[in-house]
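Chain letters run A, B, ... following the sequence lines, proteins first, then strands; residues in each count from 1. Any value given below was found using the heavy atoms of this structure, including those in side chains, with hydrogens, waters and symmetry copies removed.
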Amino acid sequence: MSGAGWLSYSLEDFIMFGPQVFLRLFVRINQDLWPWPLLAVLAGILVPMLLLSQKSAPRRVALGLASVALVTSGYGFLVGYFGPINWPALWFGWGFVLQGVLLGSFMLFGGAPPSRWLDSKSAGYWLAGLWLAAVLALPWLTVAESGDWKAVGLFGLAPGTTAAAGVLLAGSLPGFWRWLYLAVPFFWSLFSAATFWSLQTWWLLGLPVATLILSFLAFRLSPSWARSRG
Amino acid sequence: MVLDRRKFLIGAGLTGLALNSSFLFANSGSTPDSSPITRNIPGTEEAIPAIGMGTWITFNVGGDPALIEQRTQVLKTFFDQGGTLVDGSPMYGTASDVVGEALDRLGARDRLFAATKIWTSDESATRQEAERSGRRWGVEQFDLLQVHNLRGWQGHLETLKAMKAEGQVRYIGITTSHGRRHREFAQIMEREPIDFVQLTYNVLDREAEDRLLPLAQERGIAVIVNRPFQGGSLFGRYQSEPLPDWAGDAGVSNWAEFFLKYIISHPAVTCAIPATTSVEHMKENMGALYGALPGAQQRQKMADYVRSL
């Protein structure tokens, strides 16, 4: 097709599903996996607390929980539920899985888990607060949009909430790895923003917006890697 | 979740069939309210109802059991109200699987005029694509196979012609939407022995009236019309407005009938294929399959009225 031909298409032309079907995905995954979503909530709350620990082992566990959350939201929600009705979601799903593997690999082979949230105590608490705000507040955007509390988009299951909280860990990774780590949530934010705009699900736009804002704050609040002592 | 009709009604198509002459001035003739409006497929004695059903977006519900059951009820209402032609495409995600599942539950394949599309850039994969779609729909063969949006049309059309000659499909055609590639579309209509075309036409998007619809009449090609509600946006713009005083004379009692009867009263149009996720809206759509149709002067008044709002 010519360039002019493509210009005749709008964002809506690439959306093959309706808002009702998309919002039902959250209801379905919560129901299908019940009661495991409760563990996801617990994990989301534990991660920042573990990262503020003085000992390295809890911080290692925190990164492990975050990496598992990325894998489960990618493979579970995006590949298993969203992909069948929207094929680009399959690619993003595998991207989330790779992102989780990357974080997990860093946890296992990257030496001592970073203590950078502790290097600057106040920044660490800010980051922990932002994390808790993300995992406790953002899940309700899908509820606000659908009017159904069973559609709550939990950390570790819903990619939007998981990506938004997950970017707060980017500042804990060394240079090259942090940019690699941020690629998936960045492009996911652009893709999901375009999707939500086309679906006219205005509440859901809060998810990509939050992800981009939290990415910026993660870098502003995290002390430089060079000052980290592990 | 509260969804308005605009969100329910997303995309649709019109199948083009030659009008029976008795329907050209249907409002002045006698069309019993209990008899569905049908159109003959040009060159045949086969008549199909003038309102079909599209599946773009609306039937792509994945593996959601509740929504599959709900869409099954939409399809049941469509059949119960006299519809037969269902149009799909492998491009529409899981829509083909959901249609197949709904047909299983309803046991209604004998009432179906099955229309789908070939949608692949691999021009040697026409037969495989048709077979794959057949398995998803649960049909041995399709009544109509169309080249989707002219994608790889040269190779696909050659194979479709061969398949028709072999009796593997009854009718073949091409599709476009949103008014795209009309010049190339017309050239194919002039040269190729196709039975159907599918294109966008509604009370606001009337470009097809200039060339494609007259050409379809001239060449004896059936016309399926998609996006009869402009992807649902016509309801967003006009549903709060009153129908004109003379709407009843044109056989119209609501906006769905207004938009659909405007389309199927065009003499070149065979069938319109609105899509919906709602049983109630399906009933409204199928209301356009009955009663009087606007005549030529009333059609002009309908277009003028919409423009005046």
Side-chain angles (χ1 to χ4, degrees), chain A residues 1-32 76-90 93 141-152 195-204, chain B residues 1-11 54-71 88-98 119 121 136 149-153 176-184 200 207 226-227 230-233 236 275-278:
Chain A
M1 184 180 299
S2 67
W6 282 111
L7 290 177
S8 68
Y9 286 85
S10 65
L11 275 177
E12 288 79 4
D13 296 330
F14 296 95
I15 302 296
M16 298 187 297
F17 53 93
Q20 178 200 29
V21 176
F22 179 71
L23 291 163
R24 280 274 307 166
L25 299 179
F26 298 93
V27 176
R28 289 172 57 206
I29 195 169
N30 289 333
Q31 288 179 336
D32 292 349
F77 187 91
L78 291 173
V79 175
Y81 286 81
F82 196 14
I85 62 167
N86 190 34
W87 61 265
L90 291 173
L141 291 176
T142 43
V143 176
E145 188 64 53
S146 67
D148 183 353
W149 69 269
K150 294 190 292 293
V152 63
T195 301
F196 300 150
W197 182 271
S198 300
L199 292 175
Q200 299 178 30
T201 49
W202 310 121
W203 280 104
L204 300 189
Chain B
M1 176 169 42
V2 178
L3 295 176
D4 58 22
R5 180 161 181 128
R6 181 180 180 183
K7 287 185 177 177
F8 273 121
L9 301 169
I10 306 169
T55 56
W56 165 243
I57 293 181
T58 53
F59 271 62
N60 182 22
V61 302
D64 191 323
L67 294 184
I68 291 173
E69 176 54 29
Q70 198 277 335
R71 300 309 192 262
S89 170
M91 180 194 175
Y92 302 167
T94 59
S96 296
D97 308 298
V98 174
W119 181 69
S121 56
R136 297 174 73 188
N149 285 350
L150 302 185
R151 190 178 190 192
W153 70 268
T176 184
S177 67
H178 299 73
R180 297 186 182 106
R181 302 172 74 177
H182 275 195
R183 180 175 298 182
E184 186 178 6
T200 295
E207 186 184 346
N226 58 39
R227 295 176 62 79
Q230 208 180 52
S233 66
T276 182
T277 63
S278 157

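- Contacts between A:Leu25 and chain B at a heavy-atom distance below 4.5 Å are absent for every atom of the residue.
- Your options are B:Leu150, B:Leu67, B:Asp64, and the one with the most heavy-atom pairs under 4.5 Å with chain A is B:Asp64.
- For the set B:Gly62, B:Ala66, B:Gly63, the entry with the most heavy-atom pairs within less than 4.5 Å of chain A is B:Gly63.
- B:Arg136 is linked by a salt bridge (Lys or Arg N to Asp or Glu O under 4.0 Å) to B:Asp97, counting only residues two or more places apart in sequence or in another chain.
- Remark: B:Thr94 engages B:Asn60 in a side-chain hydrogen bond (donor to acceptor under 3.5 Å, both in side chains) (not counting sequence neighbours).
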For this session: Report the C-alpha distance between B:Glu184 and B:Trp153 in whole Å, list the side-chain angles of each, state the deciding distance to 0.1 Å, and finish with yes or no for side-chain hydrogen bond (donor to acceptor under 3.5 Å, both in side chains).
Result: CA-CA 11 Å; B:Glu184 186 178 6; B:Trp153 70 268; 3.1 Å; yes
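- Of all the heavy atoms in A:Leu23 and A:Leu204, the pair that sits closest is CD2-CD1, 4.0 Å.
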